[in-house]
Novice: 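To start, I am sharing the structure in question, which I have written as structure tokens.
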Protein chains: 2
Amino acid sequence: MPELPFTLDQLRILKAIAAQGSFKKAADILYVTQPAVSLQIQNLEKQLEITIFDRGGRKAILTEAGRLLLEYCERILNQCDEACKAIEDLNSLKGGTLVIGASQTTGTYLMPRMIGLFRQKYPDVSVQLQVHSTRRTGWSVANGQIDLAIIGGQLPVDLENLLQVIPYATDELALVLPSKHPLATKKELLKEDLYKLNFVTLDSQSTTRKVVDKLLRDSGLDIQRLKIEMELNSLEAIKNAVQSGLGASFLPVVSIERELSAGTIHKAFVADLEVKRELKLITNPSRYTSRASEVFKKYILPQFASLESPLRNI
Amino acid sequence: MPELPFTLDQLRILKAIAAQGSFKKAADILYVTQPAVSLQIQNLEKQLEITIFDRGGRKAILTEAGRLLLEYCERILNQCDEACKAIEDLNSLKGGTLVIGASQTTGTYLMPRMIGLFRQKYPDVSVQLQVHSTRRTGWSVANGQIDLAIIGGQLPVDLENLLQVIPYATDELALVLPSKHPLATKKELLKEDLYKLNFVTLDSQSTTRKVVDKLLRDSGLDIQRLKIEMELNSLEAIKNAVQSGLGASFLPVVSIERELSAGTIHKAFVADLEVKRELKLITNPSRYTSRASEVFKKYILPQFASLESPLRNI
DNA sequence: TTATTTGAACAATTTAAATTTATGGAGACT
DNA sequence: AGTCTCCATAAATTTAAATTGTTCAAATAA
């Protein structure tokens, strides 16, 4: 109801006249006819109940009220230009924020590399990485706090239906032993051998632990018979424990690349046992996808995706 | 040429939706229908090539780009409101500037009182007083540097036609003597007595001086025979000179009110001689008249105008 | 001076844009 | 499921703005 007493077009015209000192020249610059300019200024004067220009002589000269209005006019138009520029920057990825979610594993070992690559190409987009449980990450994606996320665990069914879940990569969980362990010399272990090992595991709440337990059970192992030396809540801590000879563990291969090449840890093969989990990309299809998110999904993720991932076929 | 990518109305709608969290509620508040709101936002999104709202759920939620735009939006709309307020203040005389011109005499003795009265009623209007020669004042009024002026001299003819000249008041130029002067005792002087006096006058360039000379000449006096003791360029200086007994002078009565009542100066009457000049109000009819100027002319000036002035009949 | 030019105002017509009415579809609440 | 709310869409109407053509006044030039 509180009608605005002027339009941006009118302000633009006002500015042009003030700059040119003439209605006609302003009209030429704005690519309209002179009467259009006259009318708009007349409307402006009528609505504000002021006289803006002295049109007596050859030049149009601002009145006091006109000068006052012009000041605001310039400020307003400047703000408009700035707003446009900001929006353009956002569109061309020269600004904005990308919020990525990840589980402990991917957040620690995969994301830093991806984000590095992204920031190299778009240094003006700030990226935020949120490492949380699969469950919490799922909810954050659902309500828009996170643009996209990669998870390794299973989503609650309600979220599963709400979100777009795309298979992204296979994360192998390798059995690792201290490099000086007696069994480290064997080329291939048997499942039975596992019962002889002392395990250092993640705590039983963690998604990764649950996944490992399930896969071992599925392959016919009795996980109750496995000896658990200790439970830790950090992969790094487990790695250190294994390297110190405290026991064996199932760890994501991405997390032990460096230790393997340094030879400080041993990766064992177990016959007829593959402990693998699917990493999945989750997004919220019912929400706006930012340009940054779009680009990340299209150009960054595929470079790290496994060959079978749908993301490869873009 | 560079078309604006949005209108103030669109920004207003954007703000309302953001505040209400709903297209419909925003429409209600703005007293338009819901489709009008939807269409405008769609136009905005199309023109800026961004998505502004996530319309999935029950609430309309801003996207990142939307939040960015909203920031600017609020700033712009605030500036608009401020501009309106400033203009309103100007209209209601809660702001603005009034520039008044005056000659030495009126500027010194009359204007301060008038301006005081004006400022008492409209303390928010700043008033500027410019004391200049009649000629220069006339030109300033002509080209709009001065809103209105009161002059005592004769304008050049070209200006006379260009400007509106209204008789304002009669300024009597009284013959004043040192109070101890021998002739100060006489009830009435004769014109002949003037030749016996030593005069302290304004310098010959001043308008007041010219007016006095002309009037004396018109009344049959030979101004060559008048003895001029000295020429000063300030009325105050002349007053002091007269009080010190250095000579006589013709001074505007308005400038010696205080001295007369204090008895430090003597006002003499000369038979068959009236030295009076017309003070005139000049304005520029072809220029915009500010509200302040209007009010000053209408309500302040008449209180000091002589009975015959047209200003009285308002 | 008169003639010519230039800039702004005015009126009527055309063109464009925004709003409304009416309707359909998707999600949320009972 | 059924209903309700909210937003999108389409066609029609209303409203506003731009253009064309013309007049008028002031400034410039002959």
Side-chain angles (χ1 to χ4, degrees), chain A residues 1 3-14 16-47 51-63 66 142-144 158 161-163 284-288, chain B residues 1 3-14 16-18 20-47 51-63 66 142-144 158 161-162 284-288:
Chain A
M1 184 75 206
E3 292 262 321
L4 283 174
F6 49 76
T7 69
L8 285 179
D9 279 315
Q10 287 171 337
L11 295 188
R12 221 154 55 98
I13 292 172
L14 164 61
I17 300 174
Q20 300 297 319
S22 151
F23 281 46
K24 173 149 181 47
K25 281 180 192 156
D28 292 343
I29 283 183
L30 298 171
Y31 296 101
V32 290
T33 55
Q34 170 265 315
V37 171
S38 289
L39 274 238
Q40 284 308 321
I41 293 298
Q42 280 170 31
N43 289 342
L44 196 51
E45 291 182 324
K46 215 170 291 172
Q47 288 175 305
T51 305
I52 297 175
F53 288 103
D54 269 325
R55 297 123 156 119
R58 183 170 275 309
K59 266 199 201 162
I61 297 174
L62 286 167
T63 63
N143 61 29
D158 46 349
N161 297 327
L162 203 59
L163 304 178
N284 189 335
S286 68
R287 281 198 173 268
Y288 159 72
Chain B
M1 167 185 122
E3 291 265 322
L4 284 173
F6 49 77
T7 70
L8 285 178
D9 278 315
Q10 288 171 337
L11 295 188
R12 219 155 56 101
I13 292 172
L14 164 62
I17 300 175
Q20 300 296 321
S22 151
F23 281 45
K24 175 151 181 49
K25 282 179 191 159
D28 293 343
I29 284 183
L30 298 170
Y31 296 100
V32 290
T33 55
Q34 170 264 315
V37 170
S38 288
L39 284 214
Q40 285 307 321
I41 293 297
Q42 281 170 27
N43 290 341
L44 197 51
E45 291 182 324
K46 215 171 289 170
Q47 287 175 307
T51 305
I52 297 175
F53 288 104
D54 267 326
R55 305 137 156 100
R58 183 166 279 305
K59 265 200 201 162
I61 297 173
L62 285 167
T63 64
N143 62 31
D158 46 349
N161 298 326
L162 203 59
N284 188 337
S286 68
R287 282 199 172 266
Y288 160 72

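Quick note on labels: first sequence line is chain A, next is B, and so on, each numbered from 1.
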Novice: Touch check for A:Thr33, heavy atoms < 4.0 angstrom, all strands: base, sugar-phosphate only, or nothing?
Specialist: base
Novice: Considering all heavy atoms of both residues, which atom of A:Ala18 and which atom of A:Phe53 are nearest to each other, and what is their separation?
Specialist: N-CZ, 4.1 Å
Novice: Whole angstrom is fine here: how far is it from CD in B:Gln20 over to P in D:dC7?
Specialist: 11 Å
Novice: Among C:dA8, C:dA18, D:dA17, find the nucleotide with the atom closest to the side chain of A:Asn43.
Specialist: D:dA17
Novice: Is the base of C:dA18 touched by the side chain of B:Gln40 through a donor-acceptor pair closer than 3.5 angstrom?
Specialist: no
Novice: With a non-hydrogen cut-off below 4.0 angstrom, is A:Leu39 in contact with a base, only sugar-phosphate, or nothing?
Specialist: nothing
Novice: Could A:Arg12 and A:Asp9 be called an ion pair, given the rule that one side-chain N must be under 4.0 Å from one carboxylate O?
Specialist: yes
Novice: Check whether any side-chain N or O of A:Arg55 sits under 4.0 Å from OP1 or OP2 of C:dA9, and answer yes or no.
Specialist: yes
Novice: What is the distance, rounded to the nearest whole Å, between atom CZ of A:Arg287 and atom P of C:dG27?
Specialist: 14 Å
Novice: Sub-3.5 Å donor-acceptor pair from the side chain of B:Thr51 to the main-chain atoms of A:Tyr288, do we have one?
Specialist: no
Novice: Using the side-chain heavy atoms of A:Phe23, tell me which of these nucleotides is nearest: C:dA8, C:dT19, D:dG21.
Specialist: C:dA8
Novice: Atom CG of A:Asn161 and atom P of C:dA26: how far apart are they, to the nearest Å?
Specialist: 18 Å
Novice: Ignoring hydrogens and angles, are the base of C:dA9 and the side chain of A:Gln42 linked by a donor-acceptor pair under 3.5 Å?
Specialist: no
Novice: Please compare A:Asp9 and B:Ser38 by the position of their nearest nucleotide in DNA chain D and report the one closer to 5'.
Specialist: B:Ser38
Novice: Between C:dA9, C:dT19, D:dA10, which one does the side chain of B:Pro35 approach most closely?
Specialist: D:dA10
